[in-house]
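Notes follow once the structure below has been shown.
All chains are named by letter (A, B, ...) in the order of the sequence lines, taking the proteins before the strands, and each is independently numbered beginning at 1. All values reported here derive from a predicted model rather than from experimental measurement.
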2 protein chains.
Amino acid sequence: MTTTISPPPQWSRRRAEKARRLDQVRNLADGVVLPSDKMVAVLEALIAPGDRVVLEGNNQKQADFLSRSLAKADPGRLHDLHMIMPSVSRAEHLDLFERGIARKLDFSFAGPQSLRIGQLLEDGQMEVGAIHTYIELYSRLLVDLIPNVALVAGFQADRHGNIYTGPSTEDTPALVEPTAFSDGIVIFQVNEIVDELPRVDIPASWVDFVVVADKPFYIEPLFTRDPRHIKPVHVLMAMMAIRGIYEKHKVQSLNHGIGFNTAAIELILPTYGESLGLKGKICRNWTLNPHPTLIPAIETGWVESVHCFGTELGMENYIAQRPDVFFTGRDGSMRSNRMMCQLAGQYAVDLFIGATLQVDGDGHSSTVTRGRLAGFGGAPNMGHDPRGRRHSTPAWLDMATPGGEGPVTLLERGKKLVVQMVETFQEGGKPTFVERLDAVDVAKKAGMPLAPIMIYGDDVTHLLTEEGIAYLYKARTLEERQAMIAAVAGVTAIGLRHDPKDTARMRREGLIALPEDLGIRRTDASRELLAAKSIAELVEWSGGLYNPPAKFRSW
Amino acid sequence: MTTTISPPPQWSRRRAEKARRLDQVRNLADGVVLPSDKMVAVLEALIAPGDRVVLEGNNQKQADFLSRSLAKADPGRLHDLHMIMPSVSRAEHLDLFERGIARKLDFSFAGPQSLRIGQLLEDGQMEVGAIHTYIELYSRLLVDLIPNVALVAGFQADRHGNIYTGPSTEDTPALVEPTAFSDGIVIFQVNEIVDELPRVDIPASWVDFVVVADKPFYIEPLFTRDPRHIKPVHVLMAMMAIRGIYEKHKVQSLNHGIGFNTAAIELILPTYGESLGLKGKICRNWTLNPHPTLIPAIETGWVESVHCFGTELGMENYIAQRPDVFFTGRDGSMRSNRMMCQLAGQYAVDLFIGATLQVDGDGHSSTVTRGRLAGFGGAPNMGHDPRGRRHSTPAWLDMATPGGEGPVTLLERGKKLVVQMVETFQEGGKPTFVERLDAVDVAKKAGMPLAPIMIYGDDVTHLLTEEGIAYLYKARTLEERQAMIAAVAGVTAIGLRHDPKDTARMRREGLIALPEDLGIRRTDASRELLAAKSIAELVEWSGGLYNPPAKFRSW
């Protein structure tokens, strides 16, 4: 099919450079298997100064043996690396910058490390290319951030270099493909090498080397919420979401973010949702990580399908025993895929619902607070109206016109439902609604061209607080949107802008709804509605299949 | 990692049903290899009435042996199938409906078959679920269109069922993964079975069966444009695009649609672009199929990288010899990937430029014309502003405000450049600018909830005709947008709305630019600027590596 002559040298510089580097470690490697105890030297040989290095670093799964090895490299040999990381999660990710091994960072999310990123920036030890959504970062690997090296993690490898990622496939395929097919070098750390893999997630032809890690890769149970911490106010808001949004718009497919608000929704579907006769009518197809709090809804037949970004620690056996619901391989274990799930969450679901730390009077929101460059993760990708969508569903069509009456002419279009669900005040009395987002000051200080906004106000269709729901998609003007936001912002500075005299009119016009407008008595919002009130009860619902991590075990 | 006990029957219906079907063909199959001469019977056993069947059917590559076999099935045994097809391209795709084997269709694109789809709809022989963009359709396979069976095409298989797709990987991975991991059945037609594959594109653990096709899968050279058909007006418009858009906004990464307009841009980069000193400053990173008309720009060093949706017939050897530019595997041949390229074209490039058949006074456009339900393909996915994008580039920031002065506050955001490039009249004197899109009438007649709009007016940032460029992103109101569109719409009905007295003001305010405003003399726009004036000259530029299909050979 293709000519077998070698490409001319001036058109195959990357391939020649790769061959040169591979030669340097050939005597160290046993076929594709690298020696675990010589990884620092191996990385010094396989990586060159100035390289673009993808390090996984994703939402949960960490190629931590490789990152720890890289951080031990000699900065005289390895310096000025351009790190590309979906998630900056571990201390050594930033040691790379402190030690002068890396210089530039392109990333998506930086949970616990966000404060230190701010500090490194201020000290001039790090240059940030940009902060991305996950899917945006994967995309750039094919365009203007083509990697030289990818350092990634799998569960098992065979001696050919085929990889079984385990249920936590995550974004590994999205990081490997651009590297493998641009003459980059792909190095997998694995927990073990076996003779026969349960299944192949990444074929050996895309993999240059595997190395057995000193200990199994680190994985964080990011999506476990203990129902004991769900408060009556969360239940109230969950009832409002089901009644005033899911039922009202016939929401059939959806994504839930993490948090106690959405966990409460998941846990009252089998009780409150059941009492409304909504089973089979709403919440059938899901794109989300396997939240343990979804177990009761699954067990009671609410959930037709769940496609997952990644897995959740402790859910492996439960998932394997529910293959009609979860995406699993022939071997029985889950196949997750962050890139595909982000796509599905962007283009194929009716609704995204999430929480945030700050909302301003226009409805812009951000999780960036003073000094913390937290990044975006996947929320902006799902928390906006995908204007390249062309298929319609009842919920999507409901958003078609500002008046909220559905499409009037054939030239209109529907909209994705983007719901922000927040309490007006957070723990410690910090107001969620603020005059000015901290993100604006962070951007100024860091010299960013634009503030790191998680979800823009004009992308939000519904704002849900313990006060009520603002149907923002009905706003005809910015002023009306601002008034609707203020109406549900409680006694925050933004909320105090609301003239209580307007409340009746706004309720009448359907711009806002209070719990009583939805037939919800605040006194009914009790923890009694939760199908499970503790982790132990989730385990019980699962028939013992859910195996929560130690830190969630209190019995 | 996972329990080895079998999942309970009530939670593994799909797996049990798959096992039942696989059993029925076990005696016919030699391992994973199915007998080519019994495929009709095999498909009758592996598929059941009412199934969701994915058939590839993508932009270029066709699983045509499988579709021809399926069309021969007994409608008494196989009926009411729900076909899911990225592209409906072949006659037998619709025979399925005429014969009563299939009933419902979800699809993205239907080039040559669009007229017949209209007819089948009218006759009540087909029900259309929805028309999608490619990426939207892949997404739904993970959510509410989870497939039972996927019928797909590869170049070669080995006896384990590993697949080499060849350079035309296309959307095969996007179709296979959702099927393979939901206990669906994946069947590959391949051109041959070999002992050792050049590389593995799809691992055997995702594949149930392979079958050798009666003849190599059909592939269409969709992206070849013969430079002989490029007219001086195309050159004029190409000069305007380079000067008035690419240079003005510093467009570094981009997608080109097919058509003589964009082919002209590609062919004058090495001449006109060079004379402006723009090499290295614009058009460095591309997402597009390997257009033969891009060869001169590649050979003269304009192009850093090209990521491809699929391949183009005849370009195989050229691509294999230019691995620094194209994404190729260790075996030397290209790896394309439609899903990933669509993602890159959506999230990672500065500009999308395309052509269309009809534009209305608001700037809405459509390729649907009377009776032809052509579908969308990928254009709407790339032809809109991805509001989940958070990284900035100079071109993107340039679009930040309606005034076009870049961001004024930190709470603004940039925009993807979406350019419509059309002549005011097409061959045969048909006006491109129309009072009312045919798509509106088609929607009415077919009972669609919304008209099939390819690109919505408010997503278009630039409209380029032979008359001039309208900088639509600067429009502050709908009325202003309409006036700007009319100003470049020539003597069409829309164009005649323009009051020529306004032209000077609009030019002064930078709302529109005529060729002379860009320093372009219409008389300079000659075919002499084309780096290649024929297919033969493209072959020459390629050093004989480009091997055009017979129908493009005229020497």
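- The shortest distance between side-chain heavy atoms of A/Pro323 and B/Asp183 falls below 4.5 Å.
- Only the backbone of B/Met454 comes within less than 4.5 Å of a heavy atom of chain A; no side-chain atom from C-beta onward does.
- Note that the CZ atom of B/Phe181 and the CG atom of A/Asp201 stand 5.5 Å from one another [nearest 0.5 Å].
- The shortest side-chain heavy-atom distance between B/Tyr347 and A/His132 does not fall under the 4.5 Å cut-off.
- With a threshold of 4.5 angstrom between heavy atoms, B/Met382 does not approach chain A through any atom at all.
- For chain B, the nearby part of A/Thr287 is the side chain; its heavy atoms alone come within less than 4.5 Å.
- A distance of 5.5 Å separates CZ of B/Arg387 from CZ of A/Arg387, quoted to the nearest 0.5 Å.
- Counting heavy-atom pairs closer than 4.5 Å to chain A, the top-ranked of the candidates B/Leu437, B/Ile131, B/Leu141, B/Leu343 is B/Leu343.
- In this structure, B/Ser305 OG and A/Ile146 CD1 are separated by 4.0 Å, a value rounded to the nearest 0.5 Å.
- A 4.5 Å side-chain heavy-atom check between B/Thr328 and A/Arg15 finds at least one atom pair inside the cut-off.
- Comparing B/Ala130, B/Ala344, B/Pro452 by how many heavy-atom pairs each has under 4.5 Å with chain A, the most go to B/Ala344.
- How far CG of B/Leu410 is from CE of A/Met448: 9.0 Å, rounded to the nearest 0.5 Å.
- Between A/Arg284 and B/Asp144 there is no salt bridge, since no side-chain nitrogen of the basic residue lies less than 4.0 Å from a carboxylate oxygen of the acidic one.
- B/Asp458 contributes atom CG, which lies 5.0 Å from atom CZ of A/Arg413 (distance to the nearest 0.5 angstrom).
- For A/Arg390 and B/Glu136, the salt-bridge test fails: no basic side-chain N is under 4.0 Å from an acidic carboxylate O.
- Using a 4.5 Å heavy-atom cutoff, the side chains of A/Arg322 and B/Pro8 are in contact.
- Neither the backbone nor the side chain of B/Ala439 comes within contact range of chain A; no heavy atoms are under 4.5 Å apart.
- Looking at A/Val306, neither its backbone nor its side chain comes within 4.5 Å of chain B, counting heavy atoms on both sides.
- Contact annotation: the side chain of A/Leu397 approaches that of B/Pro449 to within less than 4.5 Å [non-hydrogen atoms, C-beta and beyond].
- Two residues are said to be in side-chain contact when any heavy atoms from C-beta on lie closer than 4.5 Å; A/Leu411 and B/Asp360 meet this criterion.
- Interface summary for chain A: among B/His391, B/Met340, B/Gln252, B/His364, the most heavy-atom pairs under 4.5 angstrom belong to B/His391.
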